[in-house]
Every structure is written in C-alpha cells, then in structure tokens.
Amino acid sequence: MISTRDVRVGLPKSVYVRMFITVFVLELVVEAFGYQVVGRWVSGHIWESNTAWERVVHVVWMLLISTPILFSWIIRQLRRQRQYLNSLHDKENEFLSLFLHNSNSIIALDANGEIVNMNHATERMLGYSSKEIEQMDRQTATTLIGQEKSHTFFAKALQGEAQEYENTLVCRDGRIIHVIENAVPIYQGDVVTGIYIIAKDITEQREAEQRVWSLAHHDHLTELPNRRLFSDQLDRALARAQEGEGKLAVLFVDLDRFKYINDALGHDVGDDVLRIVAKRMSRCVREGGVVARFGGDEFAVLLPHIEHVTEAEEVAERILRVVQDCIAFDGYEFYLTSSIGIAVYPVSGESSADLLRNADTAMYEAKRRGKNRFQIQMPSLHKHAYERFRLENDLRKALRDDELFLEYQPQVDVTSGTVVSAEALIRWRHPVIGVMPPGEFIPLAEETGLIEQLGEYVLKEACRQIEEWRSLGKHLVPIAVNVSPVEMGNDHFVQRFHSILAYMNVSPQLIAIEITESALMKNERNTLMKLKELKDLGIKIFVDDFGRGYSSLGFLKQFPVDVLKVDEIFVRELDRNYEDASIVSAVITLAHSRRLKVIAEGVEREQQLAVLGQTECDEYQGYFFSPPVSAESFAQRYLQTQEALERS
Ligand code: C2E
Ligand code: MG
Ligand code: MG
C-alpha cells in the first residue's frame with residue numbers, strides 16, 4: 001500500500017552538490033585565467049576588477065549576493081514539497097478512510113487472485129476477521145469471493161475493464177447473501193497489478209423483492225402458485241416443448257360439491273379442507289410439476305414433460321384417489337371427490353390459452369358424466385386415435401387381468417324346444433366403461449393382432465367350462481366358439497386349436513366353430529384347407545351370419561360345413577315379410593338337400609318361431625328363448641344332470 005513515509009523531504013542531495021560545484025568551478029576559472037570581471041552599476045558607472053584582490057572581492061561579493069537568492073529558492077522548493085507531501089498524506093488518509101470505513105465490502109486481490117487486503121465491512125459482511133482469511137488456504141479463500149461465474153468477471157477486470165455483476169456469497173454461519181459487486185482494476189502506471197472487489201449486500205432488498213413477488217404469485221391460503229405464476233410456468237414449459245417437440249399436460253381439478261362444506265360448516269372449515277387437499281395434491285406430481293390454486297375449489301396442475309398421455313392420466317387417477325381419502329379434523333370427517341379435465345399439448349391445443357380452456361371444458365365434461373372422474377379433451381381426429389390406443393392398452397391388460405368372460409346363448413331345437421348346443425359369446429368387464437359387447441372391441445383386436453390371444457382365451461375358457469359342467473354331472477351340449485378370419489390366417493391355427501382341446505381334455509365333438517360367411521369368402525383356399533383339417537378332428541363347422549355375404553349355397557358346397565346360421569336380418573321380419581319368409585324357406589330347403597342343418601339367428605317373437613316351424617328350420621337362437629347368459633345360469637336353466645336325463 002502507498003505511504004507518505006516512503007517519500008523523502010527536501011531537494012535531492014545532487015541538486016545542492018551541483019550548485020556548490022558550479023559556483024566553486026566558476027571561481028576557479030576566474031582565478032586561474034585571470035579574467036577581468038566587468039560589472040555595471042545601476043547608475044551606469046562601469047566597475048572593473050583588474051587585480052587578483054579585486055577579483056577575490058568580486059567573487060565573494062557575487063557569492064554574498066547569490067547565496068540568499070539561492071537559499072530563498074531552496075526554501076521555496078522545500079515549502080512546495082512539504083505542501084505536496086501534506087496533500088499526499090491527506091489523499092492517502094482520504095483513500096484509507098474510503099477503503100477502511102466504506103460501508104460496502106472492499107477486497108483487494110493481487111494479479112493471481114489472492115486476497116491481499118480487505119476492509120472492516122467485509123469482515124462484518126462475511127463474519128470472518130482479516131486474520132482468519134490470511135490464515136486460510138488459497139482454495140477456501142477463493143470460495144469466499146464467489147462462485148466460478150464471478151471469476152470470469154475478475155479475469156476481465158484484470159484486463160483493465162471494470163465489471164459490475166450480481167453474486168452470492170456464503171458467510172461464515174452458512175448464510176447465503178446476495179451482493180452487487182464491482183470489480184475495479186488497480187493500475188500502477190500502465191500495468192494492472194490487481195483488482196478491488198467492491199460488494200454491496202443487497203440480501204434484504206432481494207428478500208423483500210422475493211416476498212413481494214411471492215405474495216403476487218402465490219395463493220395466500222394454500223401457499224400454492226396462483227393463476228399468474230401457473231400461466232408463466234405454462235408459457236415457459238410450452239416454449240420448451242415447442243423447441244424440443246415434447247409433450248406437456250394441463251389438468252384442471254375442481255372439487256365436487258365443495259360448496260356444501262362451505263355452506264354447512266363455514267368458511268374456516270372450508271379453508272382447512274382446501275389446505276389439506278392442496279397438500280395431498282402436491283404429493284401427486286413429480287419434481288418439475290406444478291400444482292396451483294386458481295381460486296375457490298379450482299386447482300390446476302402442469303406436467304411439463306410427459307412422454308405419453310397415460311402419464312397425465314396416472315396423475316389424474318392419483319389425484320382422484322387422494323381427494324377421496326377421508327379428511328378428518330376437529331371431530332369432522334369429510335369425503336370429497338373431484339372432477340378433472342386434461343388437455344395435452346399438442347393434441348388438445350397449441351397455445352396456453354387453448355390448453356387452459358380445453359382442460360376447463362374437459363373438466364365440465366367430467367362433471368357432466370357423473371363427477372369423480374377425469375376426462376381428456378381432444379379434437380375428434382386425435383380422439384379416435386387416442387381411444388384406439390387406450391383401448392388397445394386396456395385390452396392387453398384385460399387379457400392379463402381376467403377382465404374377459406363368456407356368456408352362453410342356447411341354440412334350441414325348433415320342434416322339441418330342447419337346448420341342443422350353445423354359442424359362447426365374449427364380453428369385457430372394462431374397469432371404467434363397464435361391460436362391453438364384442439362388437440366394440442373385436443375389430444380392434446383383429447387390427448392389432450390381439451385377436452389370436454383373445455381366441456385362445458375363448459377356446460380355453462369354453463373347454464374349462466365344459467370340464468366344470470362335466471364334473472358337476474351335467475349332460476353336456478356342444479359349445480360353438482366364434483373364430484375370426486384373422487385367427488384362421490395363422491398357419492398354426494389348427495394345430496393350436498387341437499393342442500388346446502387335447503390339453504384341456506375336451507372331446508372335439510363338444511366344440512363347434514362359427515365362421516362368418518364373409519370370412520369364408522376372403523381366403524378361400526387357405527380357409528378350405530384348415531376347415532377340412534378341423535373337420536377331420538371331429539369339430540363341427542357353423543357358417544355364421546349366412547345371407548349377409550351374398551354367397552350362394554353353390555359356393556358353400558366346397559366347404560365341409562355342418563350348419564348354416566341364417567342371419568338375423570332375414571329372421572327379423574320373417575313373420576311379417578313374405579319375401580324374407582320365402583328366402584329363409586328356400587335356404588332351408590337347399591341346405592337340407594345338402595344335408596346341412598339350419599339355425600335361425602335373432603328369434604325374438606313367437607310368430608317368428610311359428611314360421612320357422614312351418615319352414616322346417618332345425619334350430620333357432622334368440623332372445624325369445626334366452627339372451628346370452630352367464631355360465632352358471634346357463635347350466636342351471638338349460639343343462640340337465642346326466643342322472644335326471646337317464647331317469648326321464
Ligand atoms: P354372432 O356370432 O352373430 O352372435 C350373435 C349375436 O346376436 C350376439 O351378439 C347375440 O347377443 C346377438 N343376439 C342373440 N339373440 C338375439 C336376438 O334375439 N336379437 C338380436 N337383435 N340379437 C341377438 P353379441 O354377443 O353382441 O356378439 C356380436 C358378434 O361378436 C357375434 O355375432 C360374433 O360375430 C362376435 N363375437 C362374439 N364373441 C366372439 C368371440 O369370442 N370371438 C370372435 N372372433 N367373435 C365374437
Ligand atoms: Mg356367432
Ligand atoms: Mg351371427
């Protein structure tokens with residue numbers, strides 16, 4: 001550090017020496033060469049020194065005259081120097097007080113970045129004494145003056161460019177403080193020999209700003225982000241998703257019938273319930289997700305990165321569950337439910353306004369559909385694709401989790417009215433939608449290839465059921481299973497069919513297959529071969545929905561068919577429409593001529609049955625006798641025990 005103690009008082013010694021030598025030499029020259037010194041008085045009288053004595057007098061005279069002048073000059077110089085030194089002292093003191101007593105922290109670093117000096121404010125701010133810092137190893141001391149980022153500012157300052165930036169410092173007690181720092185180069189001549197870091201503690205200001213910001217962006221009741229903060233975060237997440245072509249989801253959650261809690265128990269209880277629900281909901285989202293309260297009993301959730309819509313659904317399911325959990329306090333117990341609307345970027349909307357609006361609409365749809373559920377908002381195009389995807393996933397799950405089951409519909413002898421066989425019809429007990437008829441999932445199963453697993457399930461289940469009935473001593477009737485053309489297409493179909501029968505120990509006589517007329521027409525040669533193999537195994541072949549495919553009996557001749565099932569479109573108006581009756585009658589006659597049996601499908605009225613009797617139809621199936629029923633009902637109602645049969 002600069003100090004006036006280092007500056008010497010007075011003129012340099014060389015000045016005095018030189019002055020003395022000059023006068024002395026001058027005299028010697030005058031003496032030695034005997035110069036005549038000529039002077040002129042002010043009066044104009046010329047005075048000459050011709051003798052040595054006169055010259056000596058003259059030199060002494062000159063010395064006498066010049067010495068005071070010289071001394072006065074020297075004194076003047078000395079005075080000036082004293083003044084200069086005093087001002088330098090003052091400046092140093094000024095600077096020292098600026099450094100030492102500055103309310104901002106000032107740290108001096110040398111060109112290597114090592115701390116060489118610091119003021120009292122720094123000690124106060126960081127909580128370390130300068131002695132402690134001196135004794136610190138270099139690494140620890142470096143961390144005191146900020147993170148990596150600030151070191152780049154120091155480097156720039158060392159190149160002569162003053163820097164201003166914000167920094168955070170860690171104090172001795174572990175507190176993190178916010179500072180605004182100036183890194184100022186220290187010049188000596190043209191060289192930067194270090195930097196001053198001047199830091200102003202702005203922690204309080206930042207905390208106050210943070211408090212204000214937090215108040216403006218959070219809901220005071222639940223401390224969750226409010227609509228404004230949610231929108232900001234949604235905008236940001238949307239920008240990221242747009243850049244990276246990712247997906248995000250917005251969930252709108254509304255508590256069902258919350259108003260009653262408020263009305264019946266007062267707003268204080270209502271507030272507590274909201275706080276509890278808010279906490280529970282916050283636990284339903286992973287890190288990065290945002291749960292916000294929009295006001296009243298309305299909440300919103302942002303899932304900023306999702307791979308697939310199902311992730312949003314999982315969160316929605318979790319929220320539905322946690323909201324439903326009992327809320328108990330103050331001696332009260334509440335059971336709440338919620339309705340959730342989901343909008344997914346990009347399918348449900350591309351802007352935040354669209355996503356929010358669509359999630360809201362979906363939430364109302366969820367309410368309309370009976371509350372305590374979630375609903376996804378999607379344009380119909382995507383909806384179709386999505387529902388297919390959902391259904392496909394669900395169907396896989398259904399096969400795994402035993403959600404499929406069979407019902408049995410009797411096929412009845414027209415003349416005797418006894419049940420001679422039954423058709424096994426598949427149903428799906430969907431966990432959300434309820435029981436679904438096959439028409440709603442068989443086409444999807446065919447498209448996705450799941451039909452093979454499904455067909456296998458049907459055959460195994462029918463065989464298991466036959467075995468069960470056998471063990472109960474029931475008189476068994478053949479069970480017809482429907483087979484899709486897609487299943488038939490598989491090269492191993494017959495082999496697999498046969499192995500299942502063998503494995504389940506069921507005689508092929510007890511199993512028939514129903515294949516639609518249109519399926520027969522699709523892949524004639526291949527189907528023909530397989531049907532022959534099945535027939536050879538002893539399995540009966542029924543042609544389902546005959547009449548819909550507009551094939552002829554001539555066409556069917558090539559297939560090893562046992563039974564024709566006349567489609568219900570010809571049976572529907574059989575008793576009212578002469579033309580239909582004639583067609584059915586003609587089909588029956590022709591079928592009989594080829595030794596085929598005929599089953600009429602969809603018989604709902606007695607009159608239809610009467611016509612079928614007249615036309616000598618063999619069997620019928622329909623609601624008139626019985627709709628498809630559970631295995632248990634079927635056995636109970638239509639399967640006699642072997643014992644009873646023998647008795648009769
Ligand atoms: P399908 O083989 O023609 O089955 C007869 C359909 O007619 C059944 O509909 C049955 O419930 C219905 N039905 C029965 N009696 C009457 C009646 O009196 N009036 C009317 N209007 N309809 C009646 P379901 O169960 O909805 O099955 C529809 C179709 O789904 C079946 O037509 C069959 O093609 C297919 N299916 C059913 N189960 C399976 C299966 O396990 N595998 C395959 N691949 N397809 C199946
Ligand atoms: Mg059928
Ligand atoms: Mg049919």
Side-chain angles (χ1 to χ4, degrees), residues 395 398-399 403-412 419 421-429 434-465 478-490 493 497 500 511-520 522 527 540-549 561-575 584 587 598-609 612 617 619-631 633-634 638:
L395 192 54
L399 283 158
E403 289 170 11
L404 301 173
F405 64 100
L406 296 182
E407 284 191 333
Y408 298 86
Q409 189 175 32
Q411 293 172 334
V412 190
V419 175
S421 52
E423 179 176 10
L425 294 156
I426 195 164
R427 273 93 183 86
W428 177 5
R429 193 175 289 108
V435 175
M436 279 168 77
E440 289 184 25
F441 59 91
I442 292 285
L444 178 75
E446 286 179 333
E447 274 177 58
T448 53
L450 283 172
I451 192 71
E452 295 200 20
Q453 264 174 280
L454 192 143
E456 214 171 288
Y457 162 80
V458 171
L459 182 60
K460 278 187 185 158
E461 176 55 18
C463 290
R464 192 201 60 76
Q465 195 57 67
I479 302 294
V481 293
N482 292 281
V483 171
S484 136
V486 180
E487 286 174 78
M488 274 279 194
N490 188 313
F493 174 72
F497 204 93
I500 291 174
I511 291 288
I513 66 158
E514 292 195 7
I515 177 155
T516 57
E517 182 196 13
S518 46
L520 286 185
K522 260 185 200 153
T527 313
K540 294 225 159 38
I541 316 271
F542 293 11
V543 175
D544 207 352
D545 304 343
F546 182 75
R548 264 182 200 258
V561 173
D562 298 288
V563 176
L564 277 191
K565 292 185 74 175
V566 178
D567 195 85
E568 62 100 16
I569 49 165
F570 299 102
V571 181
R572 205 182 294 154
E573 300 295 318
L574 188 67
D575 49 337
V584 171
V587 167
V598 177
I599 300 180
E601 291 190 284
V603 177
E604 295 179 354
R605 296 181 300 278
E606 199 176 0
Q607 294 86 330
Q608 289 166 298
L609 184 59
L612 289 172
C617 180
E619 292 161 24
Y620 75 96
Q621 182 180 342
Y623 298 160
F624 175 66
F625 186 83
S626 166
V629 292
S630 69
S633 304
F634 181 79
Y638 310 116

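Indexing begins at 1, ligand by ligand and atom by atom, following the structure's order. Model, not experiment: these values are computed from the prediction.
Nearest N/O/S atom of E601 relative to the Mg ion (ligand 3): this is OE2.
By the 4.0 Å heavy-atom criterion, R572 is excluded from the residues contacting ligand 1. At a 4.0 Å cut-off, not a single heavy atom of Q621 sits close enough to ligand 1 to count as contact. For the ligand labelled ligand 1, residue E446 lies outside the 4.0 Å heavy-atom shell.
Classified by interplanar angle (parallel below 30°, tilted 30° to 60°, perpendicular above 60°), the ring pair Y638/F625 is tilted.
Of the heavy atoms in D544, only side-chain atoms (C-beta onward) come closer than 4.0 Å to ligand 1. At a heavy-atom cutoff of 4.0 Å, ligand 1 is contacted by both the backbone and the side chain of S484.
Residue, atom and distance of the protein heavy atom nearest to atom 22 (N) of ligand 1 are Y623 OH, 3.6 Å.
Geometrically, R429 engages F405 in a cation-pi contact defined by less than 6.0 Å to the ring centre and at most 45° from the axis.
The Mg ion (ligand 2) has an N, O or S atom of D544 under 2.8 Å away, backbone or side chain. Taking backbone and side chain together, N482 holds an N, O or S atom under 2.8 Å from the Mg ion (ligand 2). Residue D545: an N/O/S atom is found under 2.8 Å from the Mg ion (ligand 3).
Near V458, with a cut-off below 4.0 Å to any heavy atom, the atoms of ligand 1 are 41 (O). Distances below 4.0 Å separate heavy atoms of E604 from the following atoms of ligand 1: 17 (C), 18 (O), 19 (N), 20 (C), 21 (N). Interface of R427 with ligand 1, defined as ligand atoms under 4.0 Å from a residue heavy atom, comprises 11 (O), 25 (O).
Looking at ligand 1, you won't find any N or O of L454 less than 3.5 Å from one of its N or O atoms.
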